[in-house]
Amino acid sequence: MTARTDIFTSQMAALGLGSKPQSLINGTLVDGTGETITLVDPYTEQTLVVYPDAGAELAIAACETAQVAQLQWAALSGAARGQVMQDIARTVLSNAEPLAKIEALIAGKPIRDCRVEVAKVAEMFAYYGGWADKIHGEVIPVPSGHLNYTKREPLGVVFQITPWNAPIFTGGWQIAPAIATGNGVVIKPSELTPVTTVALVNLAEQVGLPKGLVNVLCGLGPTAGQAAIEHRAVRKVIFVGSPETGRVVAKAAANALKPAVLELGGKSANIVFDDANLKHACLGTQAAIFSSAGQSCVAGSRLLVHRSVHAELVEMLTDGMNEIKLGDPLDEATEVGPISNARQFAHVGDMVARAKSDGASVLSRDTTPDTGYFVPPTVLNGLSNIDHAAQTEIFGPVVAAIPFDTEEEAITLANATDFGLAGAVWTADVGRAHRVADHVRAGTFWINSYKAIHVSSPFGGSLNSGFGRSSGTDALMEYTSAKSVWLDSASTPRIAFGYVS
Ligand code: NAD
């Protein structure tokens, strides 16, 4: 065993898991029976572990067990559900170190970022645990004089699919509002990063989450994922991932007449005006595209810069590249780790090569570590907004810097993609900041900031960035449906041969 597989095995043991990824069905860790999946350490490029795909059979078992557990969970008081969720928040915090360590090892994300994401997961359970006894309907003053009230009811079992770029974060993000509102869950994390989602639910079960309420499938989309989408018990599909897979999932859900929430990719515009504090804009731009090695759905991958400061900002960015600490995700000092997997590494390389052939000057940091799927922080200069690299999600630390001349042009360019997830503006002019925020198509928009997020604030996109909303009270709406109840309090019921009005 290498030192890295030792770390893997010891952190798995610290989290109460076996030596390889296993699905968690009805409180029991079980092996799949499907094809073999290999997890590779993106820093050493060596195999960490292999495990079998959960397959359709486990997916069916997961849906069935969630259906039974959900009825009992929904029958509890909101306060009782909330109490369990506060306990989950605490256990996540007290197990933060092994959770962060194993995430860093498998996903290749710097340990410091993993710690922040684990803390955010605890915050999600605390936040939605607080909502669990505050979800109620309305009394509606209908003209017929009936007492008409609404209730917000759980959907039943929901199926959640999450990607590899922020595994425990996206898992907690979707599980917490789902169970706060009384639903059962089947969740399939990416086959490349399944472990922290299993660990999260396993820890939660030890502090009172009923076994079987949340079931985790370690496996592939076309097998385990497809079977769960089609299962009769599943009432809604929540998908976080790429637009390409989002289309496949949405079609499968539509075919089974199930609603879906799609949280997909982006090509977000980070707009810098000539009156901006350029030092702040440069730091914000680095954070927007180089943090997490650009593997963030909200990455500021198009830098739209006023022509008069374009050259200066690009120079500041390239100067700053060599200061960024690239390295082992487990190293405390590392700010940017490798790309998370070989497939994505190849995609980013292809995108940069294509940009070069489209005429871009590729301005990259000089060095990267000797091993690992590292892409150096890169600015693509000289592209136009219609070029491939300015229109396609790269999902790596690569930004296209594009000049503009007027506010109107900046807004037009920002909106000239098929995405609508996020964006930002850097300016000292308050009026302009609000005008740009109003007119850029984005579910999240930052003014003199980037990547500020909180579980209390809604998140989501439009067009190829998906539809539906996560976070905040919007997620409570996504995970419940309204029931309208009518009561006739008249001494003689008002009965009409048709509508009572
Ligand atoms: P992906 O689309 O390749 O995979 C996402 C998930 O879908 C995985 O769990 C995968 O196993 C599953 N899947 C694949 N085929 C399936 C099928 N036929 N049926 C059911 N499930 C299937 O995405 P990825 O490469 O893991 O993640 C990167 C993408 O995720 C990027 O586009 C990024 O922008 C997006 N993302 C979006 C958000 C958001 O909130 N908008 C957040 C994080 C990541």
Side-chain angles (χ1 to χ4, degrees), residues 1-63 65 95 98-109 114 159-168 170-171 175 185-205 211 214-228 241 245 329-330 338 340-345 373:
M1 274 215 293
T2 66
R4 308 288 282 196
T5 50
D6 276 348
I7 298 172
F8 175 78
T9 316
S10 64
Q11 298 312 301
M12 291 287 277
L15 291 164
L17 304 177
S19 58
K20 62 174 188 284
Q22 290 175 295
S23 297
L24 184 59
I25 315 287
N26 203 14
T28 305
L29 291 164
V30 281
D31 284 330
T33 51
E35 70 179 79
T36 300
I37 299 166
T38 304
L39 297 192
V40 173
D41 174 352
Y43 180 63
T44 61
E45 302 173 50
Q46 302 294 312
T47 296
L48 274 177
V49 69
V50 296
Y51 73 99
D53 173 26
E57 230 170 88
L58 285 189
I60 291 164
C63 295
T65 193
N95 288 279
L99 287 170
K101 221 173 232 174
I102 207 145
E103 191 87 312
L105 185 65
I106 298 175
K109 186 170 265 209
C114 294
F159 178 45
Q160 306 169 336
I161 305 171
T162 56
W164 46 258
N165 67 311
I168 194 168
T170 40
I175 293 170
V185 174
V186 176
I187 181 166
K188 197 203 78 59
S190 168
E191 64 277 12
L192 300 174
T193 53
V195 167
T196 46
T197 307
V198 178
L200 170 65
V201 179
N202 191 43
L203 290 168
E205 286 177 352
K211 293 187 167 140
V214 182
N215 302 275
V216 189
L217 295 170
C218 291
L220 300 167
T223 51
Q226 186 69 28
T245 313
L330 290 172
S340 192
N341 56 73
R343 189 187 64 178
Q344 185 61 21
F345 181 58
Y373 304 133

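Worth saying up front: this structure is predicted, and the values here are computed from it rather than measured.
- Of the inter-residue distances, the one linking Q226 atom CD with L220 atom CG reads 12.5 Å to the nearest 0.5 angstrom.
- Under the 3.5 Å distance criterion, the side-chain polar atoms of S340 are matched with a main-chain donor or acceptor of A107.
- More than 12 non-hydrogen atoms from other residues, nucleotides or ligands lie less than 6.0 angstrom from CD of E45.
- Scanning for side chain to side chain contact (heavy atoms under 4.5 Å, CB included) contacts around T162 gives T170, I187, P189, with sequence neighbours left out.
- I106 CD1 to I7 CD1: the interatomic distance, rounded to the nearest 0.5 Å, is 11.5 Å.
- Looking at S23, its side chain does come within 3.5 Å of a backbone N or O of C218 through a donor-acceptor pair.
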Working for side-chain contact (heavy atoms from CB on, under 4.5 Å), residues L200 and V214
CA-CA 10 Å; L200 170 65; V214 182; over 6 Å; no

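- How far CH2 of W164 is from CG of L192: 8.5 Å, rounded to the nearest 0.5 Å.
- Within the 3.5 Å criterion, the main-chain N or O of I168 finds a donor-acceptor partner in the side chain of E103.
- The only member of P167, P21, P163 that meets side chain to side chain contact (heavy atoms under 4.5 Å, CB included) when paired with T193 is P167.
- Side-chain contact between Q160 and I175 is present, with heavy atoms from C-beta onward closer than 4.5 Å.
- Side-chain contact between V198 and Q22 is absent, with no heavy atoms from C-beta onward closer than 4.5 Å.
- Taking 4.5 Å as the limit, some side-chain heavy atom of L217 sits within range of a side-chain heavy atom of I25.
- To the nearest 0.5 Å, atom CD1 of residue I102 and atom SG of residue C114 are 11.0 Å apart.
- Contact record, A199 with L17: CB-CD1, 3.9 Å, taken as the closest heavy-atom pair.
- Two residues are said to be in side-chain contact when any heavy atoms from C-beta on lie closer than 4.5 Å; Q46 and T5 fail this criterion.
- Contact check for N202 versus L15: no side-chain heavy atoms found under the 4.5 Å cut-off.
- Scanning both residues, D53 and A224, for their nearest heavy atoms gives OD1-CB, 4.4 Å.
- To the nearest 0.5 Å, atom OG of residue S10 and atom NZ of residue K101 are 7.0 Å apart.
- Checked against ring-ring contact (aromatic ring centres under 6.0 Å, His included), Y51 has no partners two or more places apart in sequence or in another chain.
- Rounding to the nearest 0.5 Å places CG of L24 at 10.0 Å from OG1 of T65.
- Looking at D31, V50, T9 one by one, the single match for side chain to side chain contact (heavy atoms under 4.5 Å, CB included) with K20 turns out to be D31.
- Closest approach of K109 to A166, counting heavy atoms only: NZ-CB, 3.9 Å.
- With sequence neighbours excluded, no residue forms a side-chain hydrogen bond (donor to acceptor under 3.5 Å, both in side chains) with Q11.
- For the pair P338 and P329, the tightest heavy-atom approach, listed with the atom from each and the gap, is CD-CG, 3.7 Å.
- Without hydrogens or angle criteria, K188 side chain to G219 main chain gives a donor-acceptor distance under 3.5 Å.
- Using a 4.5 Å heavy-atom cutoff, the side chains of N341 and V40 are not in contact.
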